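To keep things clear, I will list the structure first and then write my remarks on it.
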Number of protein chains: 2
Amino acid sequence: MVKSHEVDPTMTESRIMEAARKVFILHGFEGTTMQQIADQAGINKSLLHYYFRNKEKLFESVFAFAFRQFVPQIQDILVSHATVTEKIERMVSEYMDLLLKNEILPAFILHEINRNPDRLYAIMQNTGLDVNMFVHSFRVEMEQNKLRPMDPRHLIVNMLALCVFPVAARPLVQRVLFSNDTELYNRFLQERKKEVARFIIQSIQV
Amino acid sequence: MVKSHEVDPTMTESRIMEAARKVFILHGFEGTTMQQIADQAGINKSLLHYYFRNKEKLFESVFAFAFRQFVPQIQDILVSHATVTEKIERMVSEYMDLLLKNEILPAFILHEINRNPDRLYAIMQNTGLDVNMFVHSFRVEMEQNKLRPMDPRHLIVNMLALCVFPVAARPLVQRVLFSNDTELYNRFLQERKKEVARFIIQSIQV
DNA sequence: GTCTATATTGTGATAGAC
DNA sequence: GTCTATCACAATATAGAC
């Protein structure tokens with residue numbers, strides 16, 4: 001039933017998505033042209049409009065996909081029955097690995113959520129991200145006098161900040177503090193995992 | 001000697017700069033059109049090319065100006081003869097004030113240095129930013145056994161991360177942790193000054 | 001120094017053949 | 001489902017009048 005000149009449509013659609021993902025993440029929404037994406041996917045411009053109605057829709061698909069990449073792995077750790085200290089160690093280490101494997105994503109996401117914050121509304125609903133889980137288990141341990149009393153939201157923001165910033169600001173930091181030596185900065189980021197975990201854990205101990 | 005229809009050229013040039021600064025910082029290089037800048041400045045498109053040769057040159061002027069805004073105030077603190085602890089407290093407080101007065105700048109700078117890291121080369125040479133000053137005074141105190149032995153570069157990155165990230169990622173953090181309540185998040189950021197200083201200082205004590 | 005008019009190219013998007 | 005051809009418009013940039 002399938003003629004020889006036909007190709008699995010799912011194949012083409014995913015190729016477009018992958019191509020769009022690469023180009024959008026690298027250059028942002030405004031910095032990307034439909035032509036660039038078509039070239040990257042090895043197909044014609046018109047096909048982009050056939051599968052995704054317009055540039056905006058295509059971008060939304062890509063952005064939602066990229067955004068969700070960062071959620072589930074954290075979620076797994078959050079719902080585990082480990083202590084807060086153990087959770088922090090795992091989260092910092094795994095999250096920094098994830099960031100280093102997707103170096104350009106942080107700056108991309110930061111830029112796009114500032115360009116159009118409303119986009120978050122649609123996406124956040126589907127992620128099912130539940131920070132309350134973490135906040136709750138922190139409060140439990142806190143009340144048992146095992147942890148210093150503090151607003152858990154500072155803890156969360158600190159963790160994100162210490163992991164995300166060094167990657168998002170790499171061009172600047174690597175240049176100012178490491179003579180723009182990429183290999184040197186990579187080693188710094190690796191040893192940083194222990195450093196950040198220590199820093200965070202120390203901040204919640206009495 | 002000045003005819004009535006003539007206007008101080010310096011006046012026009014600075015008006016263009018101010019207009020370009022607003023629009024570029026808000027929408028980024030690719031997201032900004034020369035028409036938008038001309039409208040914002042209340043002049044004609046052609047005048048932009050008269051004063052600055054092209055869009056790229058105009059952007060470079062704006063970016064260099066915006067970037068340098070964040071340097072001198074830190075510099076003053078770095079060269080002072082205060083102890084490291086005092087320097088940290090002042091830096092965190094004053095830097096977060098600076099960031100909050102220019103909320104959109106961090107995401108803008110992060111995006112643009114990733115889009116074109118080479119731009120930093122030209123700018124960094126003129127800033128005269130000397131991190132060695134801070135690193136040195138930290139090493140001195142460290143050797144006197146007053147401070148925990150650690151790589152000062154972690155300290156610097158931590159400080160920057162904890163201050164910059166909550167501002168650059170406001171749309172996301174405010175939405176997830178503060179039900180998108182701007183006033184609530186502002187208070188959180190204010191009380192955060194003390195928190196961050198405490199975190200940092202605690203991390204360098206033996 | 002400032003404007004109008006225009007050149008030139010690039011862009012997102014659609015129509016229609018196959 | 002995929003392509004070619006093309007539209008309609010927007011973008012940067014320049015020429016030239018005043």
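Residue numbers begin at 1 in each chain, while the letters A, B, ... track the order of the sequences. Everything quoted here is computed from the prediction, not taken from an experiment.
Pairing each heavy atom of A/K87 with each of A/A82, the nearest pair is CE-O, 3.5 Å.
Annotation: cation-pi pair B/R175/A/Y121 present, NZ/CZ under 6.0 Å from the ring centroid and within 45° of its normal. A cation-pi contact, defined as under 6.0 Å to the ring centre and within 45° of the axis, is absent between B/R115 and B/F63.
Atom CD of A/Q36 and atom C1' of C/dT11 are 11 Å apart (whole Å). One interatomic measurement links the two molecules: CG of B/D39 to P of D/dA10, which rounds to 13 Å at whole-angstrom precision. The distance from atom CG of B/L48 to atom P of D/dT14 is 13 Å, rounded to the nearest whole Å. As a whole-Å value, the separation of B/F52 CZ from D/dT12 C1' is 16 Å. Between the CD atom of B/Q35 and the C1' atom of D/dA10 there is a distance of 10 Å, given to the nearest Å. Taking atom CD1 of B/I16 as the reference point, atom P of C/dG1 lies 11 Å away to the nearest angstrom. Rounded to an integer number of Å, the gap from B/E30 CD to C/dG10 P is 15 Å. In this entry the distance linking CD of A/E13 with P of D/dG1 reads 9 Å, nearest Å.
Counting only heavy atoms from C-beta outward, the side chains of A/F67 and A/L120 approach each other to under 4.5 Å.
At a threshold of 4.0 Å, the pair B/R119-B/E56 counts as salt-bridged, since one of the basic side-chain nitrogens sits closer than that to a carboxylate oxygen.
Applying the 4.0 Å criterion to OP1 and OP2 of C/dA13, one finds that A/Y50 has every side-chain N and O outside that range. Regarding contacts with the backbone of D/dT2, a side-chain N or O of A/T12 is found under 4.0 angstrom from either OP1 or OP2.
Between the side chains of B/N44 and B/S46, at least one donor-acceptor pair of N or O atoms lies under 3.5 Å. No donor-acceptor contact under 3.5 angstrom links the side chains of B/R139 and B/N132, judged on distance only.
Closest to the A/M34 side chain, of the nucleotides C/dA13, D/dA13, D/dG1, is C/dA13. Distances were taken from every side-chain heavy atom of B/L47 (C-beta onward) to each of C/dG12, D/dA11, C/dC3; the shortest belongs to C/dC3. Across C/dG12, D/dA13, D/dC3, the shortest atom-to-atom separation from the side chain of A/I43 is found for D/dC3.
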Show each protein N/O and nucleotides 14-18 of chain C N/O combination with a separation under 3.5 Å, one pair to a line.
unit_1: C/dT14; atom_1: O4; unit_2: A/S46; atom_2: OG; d: 3.2

